[in-house]
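As the structure is a computational prediction, the values presented were derived from the model and not from experiment. First the proteins, then the strands, lettered A, B, ... as listed; each starts at 1.
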Number of protein chains: 2
Amino acid sequence: MEYSIGDFSKLTGLGIHTLRYYEQEGLIAPERNSGNRRCYSDKDLTWIEFIKRLKDTGMPIKEIKHYAELRAAGDPTLSDRMEMLVQHRKALNEQIARLQDHKIKLDEKIDFYRNEIKRTQNNVSS
Amino acid sequence: MEYSIGDFSKLTGLGIHTLRYYEQEGLIAPERNSGNRRCYSDKDLTWIEFIKRLKDTGMPIKEIKHYAELRAAGDPTLSDRMEMLVQHRKALNEQIARLQDHKIKLDEKIDFYRNEIKRTQNNVSS
DNA sequence: TCTTGACATAGAGTTTACTCTACATTGTAT
DNA sequence: ATACAATGTAGAGTAAACTCTATGTCAAGA
């Protein structure tokens with residue numbers, strides 16, 4: 001299946017401008033048809049979904065671009081790419097751990113507020 | 001205990017410029033001494049540590065500023081603040097869930113790479 | 001044929017969160 | 001008293017990631 005940039009935008013939820021920007025930044029390189037229009041493929045779709053994951057886990061665009069370059073270079077870069085992903089997984093694990101710690105503190109804070117609110121209500125009614 | 005901006009910077013890890021910026025944005029309002037120098041207190045320290053958590057969990061500065069304003073208004077805003085935190089906790093839980101999903105996919109991808117690398121090495125040696 | 005809508009490029013503008021510069025003032029050690 | 005390091009304000013500059021504008025092209029329907 002092939003998609004125009006408009007269709008691909010709806011499919012990915014990524015805004016036409018953003019897709020062109022990603023292409024400019026070297027993240028993705030869709031084919032062009034006779035009239036120079038972009039033709040996104042299903043492979044592009046899989047790839048952009050992965051890009052979205054990398055972004056959502058905090059990888060900056062420059063780094064994704066680097067990964068994309070390795071990817072374009074094919075099999076000889078397999079272990080380089082894996083190395084990148086292993087590094088990124090480490091960062092992701094740390095991020096999750098940090099967030100879980102924040103969550104605990106936030107739960108405590110909310111409990112504290114619940115008590116404070118009860119306390120102030122009692123003070124008002126007494 | 002009271003701290004100069006320099007000491008407070010070291011204490012919080014937040015750069016002098018950043019501390020002044022936060023003040024400008026209405027996140028924190030340290031006392032001033034006779035010579036107009038900022039005097040950060042231990043309460044400020046507790047508060048800034050909480051700000052750091054909010055930031056680290058993705059709350060934008062404008063929203064933190066709003067929270068700070070409610071906080072400055074005292075007890076009458078307790079339930080508003082709790083409401084904000086409950087909302088934020090919801091977002092945080094979603095964020096953690098998303099990241100955990102990403103982590104699973106990343107693990108799979110890394111496994112895939114491990115196999116691919118093995119495969120290509122076999123091909124080379126055969 | 002004419003019009004309209006999707007697409008093309010190049011480049012400007014926006015937002016967020018800092019980060020830095022210039023220059024004036026103050027506190028402290030000699 | 002003097003030097004100098006830390007601090008003050010105001011405002012400019014930066015980086016990342018979009019987002020939009022201007023202008024031009026092209027294919028398909030009325």
Counting only side-chain N and O atoms of Thr18(B), is one of them less than 4.0 Å from OP1 or OP2 of dA17(C)?
-> no
Sequence-aligned protein contact record of nucleotides 21-26 of chain C, with B where the base is within under 4.0 Å of a protein heavy atom and S where only the sugar-phosphate is | B---BB
List in numerical order all residues of residues 22-33 of chain A for which some heavy atom is under 4.0 Å away from an atom belonging to DNA chain D.
-> Tyr22(A)
To the nearest Å, how far apart are Asp56(A) CG and dA16(D) P?
-> 19 Å
Rounded to the Å, how far apart are Ile5(B) CD1 and dA6(D) P?
-> 13 Å
Rounded distance (Å) that lies between atom C1' of dA17(C) and atom NZ of Lys55(B) = 7 Å
Under-4.0 Å side-chain N/O to phosphate OP1/OP2 contact, Ser4(B) with dA6(D) | no
Nucleotide dT19(C), atom P - distance to CG of Leu19(B) in whole Å | 11 Å
What residues form a side chain to side chain donor-acceptor pair (under 3.5 Å) with Tyr3(A), not counting sequence neighbours?
-> Asp42(A)
Partners passing side chain to side chain contact (heavy atoms under 4.5 Å, CB included) against Glu116(B) (at least two apart in sequence or in another chain) = Leu78(A), Phe112(B), Arg119(B)
Give me the residues of residues 6-14 of chain A where at least one heavy atom lies under 4.0 Å from an atom of DNA chain C, by number, or none.
-> Gly6(A)
Quick one: are Glu2(A) and Tyr40(A) in side-chain contact, heavy atoms under 4.5 Å?
-> no
Identify every side-chain donor-acceptor pair in residues 14-21 of chain A under 3.5 Å, counting partners at least two apart or on other chains, and give the distances.
| from | atom 1 | to | atom 2 | distance (Å) |
| --- | --- | --- | --- | --- |
| Thr18(A) | OG1 | Leu14(A) | O | 3.4 |

Who pairs with Glu108(A) by side chain to side chain contact (heavy atoms under 4.5 Å, CB included), at least two apart in sequence or on another chain?
-> Ile104(A), Lys105(A)
Partners of Ser79(A) by side chain to side chain contact (heavy atoms under 4.5 Å, CB included), sequence neighbours excluded?
-> Ile117(B)
Rounded to whole Å, the OH-P distance (Tyr21(A) to dA10(C)) equals 16 Å
Across all chains, not counting sequence neighbours, the side chain to side chain donor-acceptor pair (under 3.5 Å) partners of Asn36(A) are Arg32(A)
Expressed in angstrom and rounded to an integer, what is the separation of Ile16(A) atom CD1 from dA6(C) atom C1'?
-> 8 Å
Can you find a side-chain donor-acceptor pair between Asp44(A) and Ser41(A) that sits under 3.5 Å?
-> yes
Test side chain to side chain contact (heavy atoms under 4.5 Å, CB included) applied to Asn93(A) - qualifying residues, sequence neighbours left out = Arg89(A), Lys103(B)
Residue met sooner reading DNA chain D from 5', once Ser34(A) and Pro60(A) are mapped to nucleotides | Pro60(A)
Taking atom C1' of dA17(C) as reference, at what distance in whole Å does atom NZ of Lys62(B) sit?
-> 12 Å
Scan the side chains in residues 52-66 of chain B for donor-acceptor partners under 3.5 Å anywhere in the protein, sequence neighbours excluded, and list what turns up.
| from | atom 1 | to | atom 2 | distance (Å) |
| --- | --- | --- | --- | --- |
| Lys52(B) | NZ | Thr12(B) | O | 2.8 |
| Arg53(B) | NH1 | Asp101(A) | OD2 | 3.3 |
| Arg53(B) | NH1 | His102(A) | ND1 | 2.8 |
| Asp56(B) | OD2 | Arg98(A) | NE | 3.2 |
| Asp56(B) | OD2 | His102(A) | NE2 | 2.8 |
| Thr57(B) | OG1 | Arg53(B) | O | 2.7 |
| Thr57(B) | OG1 | Leu54(B) | O | 2.8 |
| Thr57(B) | OG1 | His88(B) | NE2 | 2.8 |
| Lys65(B) | NZ | Glu25(B) | O | 3.4 |

What's the NZ-P distance between Lys65(B) and dA17(C), to the nearest Å?
-> 12 Å
With sequence neighbours excluded, what pairs up with Lys90(A) under the salt bridge (charged side-chain N to carboxylate O under 4.0 Å, His left out) test?
-> Glu94(A)
